[in-house]
Amino acid sequence: MDFTNVVGLLAGTCVTLSVIPQILKVWKTKKVKEISLLTFSVLTFGIAVWVVYGFLKDDLPIIITNSISLLLNLIMVYFIIYYEKEK
């Protein structure tokens, strides 16, 4: 693995992991009042486009990190919709 891929994986890992504390907080508190569905929806769409881009460029770090990030952000969008309905 070359240096460029290591940098890509490091950057992608940081971005991917950044949403985990928010997911855990929402899961524990069941509160989403202060979280924007629009923001997370646009972010999730953008990440999905990054996954497509990764496949088009055959870039494994982009594909791997953004696929995981996409899954995590989809979980967050689900929580926002689900817990908003419970009000």
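A ring-ring contact (aromatic ring centres under 6.0 Å, His included) check over residues 3-26, counting only residues at least two apart or in different chains, returns nothing.
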Hey, can you pull the donor-acceptor pairs under 3.5 Å for the side chains in residues 38-45, sequence neighbours left out?
from : atom 1 : to  : atom 2 : distance (Å)
T39  : OG1    : S36 : OG     : 3.1
S41  : OG     : L37 : O      : 2.7
T44  : OG1    : F40 : O      : 2.6

Sequence neighbours left out, cut at 3.5 Å: what donor-acceptor pairs do the side chains of residues 9-28 make with other protein atoms?
from : atom 1 : to  : atom 2 : distance (Å)
T13  : OG1    : L9  : O      : 2.6
T16  : OG1    : G12 : O      : 2.7
T16  : OG1    : T65 : O      : 2.9
S18  : OG     : V15 : O      : 2.6

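Contact between P61 and G8 at its shortest, heavy atoms only, is CB-C, 4.1 Å. In terms of heavy atoms, V51 sits closest to S67 at CG2-N, 3.6 Å.
As a member of the Ile/Leu/Val/Met/Phe/Trp/Tyr network built from side-chain separations under 4.5 Å, Y53 groups with W50, I62.
Taking the side-chain hydrogen bond (donor to acceptor under 3.5 Å, both in side chains) definition, one finds that N73 meets it with S69, sequence neighbours left out. Listed by chain and number, the residues in a side-chain hydrogen bond (donor to acceptor under 3.5 Å, both in side chains) with N5 are D2 (sequence neighbours excluded). With sequence neighbours left out, the side-chain contact (heavy atoms from CB on, under 4.5 Å) criterion links D58 to no other residue. Under the rule for a ring-ring contact (aromatic ring centres under 6.0 Å, His included), the partners of Y78 that lie at least two apart in sequence or sit in another chain are Y82.
Atom OG1 in T4 sits 9.5 Å away from atom CG in D59 (nearest 0.5 Å).
Note on L71: it clusters hydrophobically with F79, by side-chain heavy-atom contacts below 4.5 Å among ILVMFWY residues. A single hydrophobic cluster is seen to contain both I81 and M76, as judged by linkage of ILVMFWY side chains at heavy-atom distances under 4.5 Å, directly or through other members.
Proximity of I63 to K57: side-chain heavy atoms (C-beta onward) are nowhere separated by under 4.5 Å.
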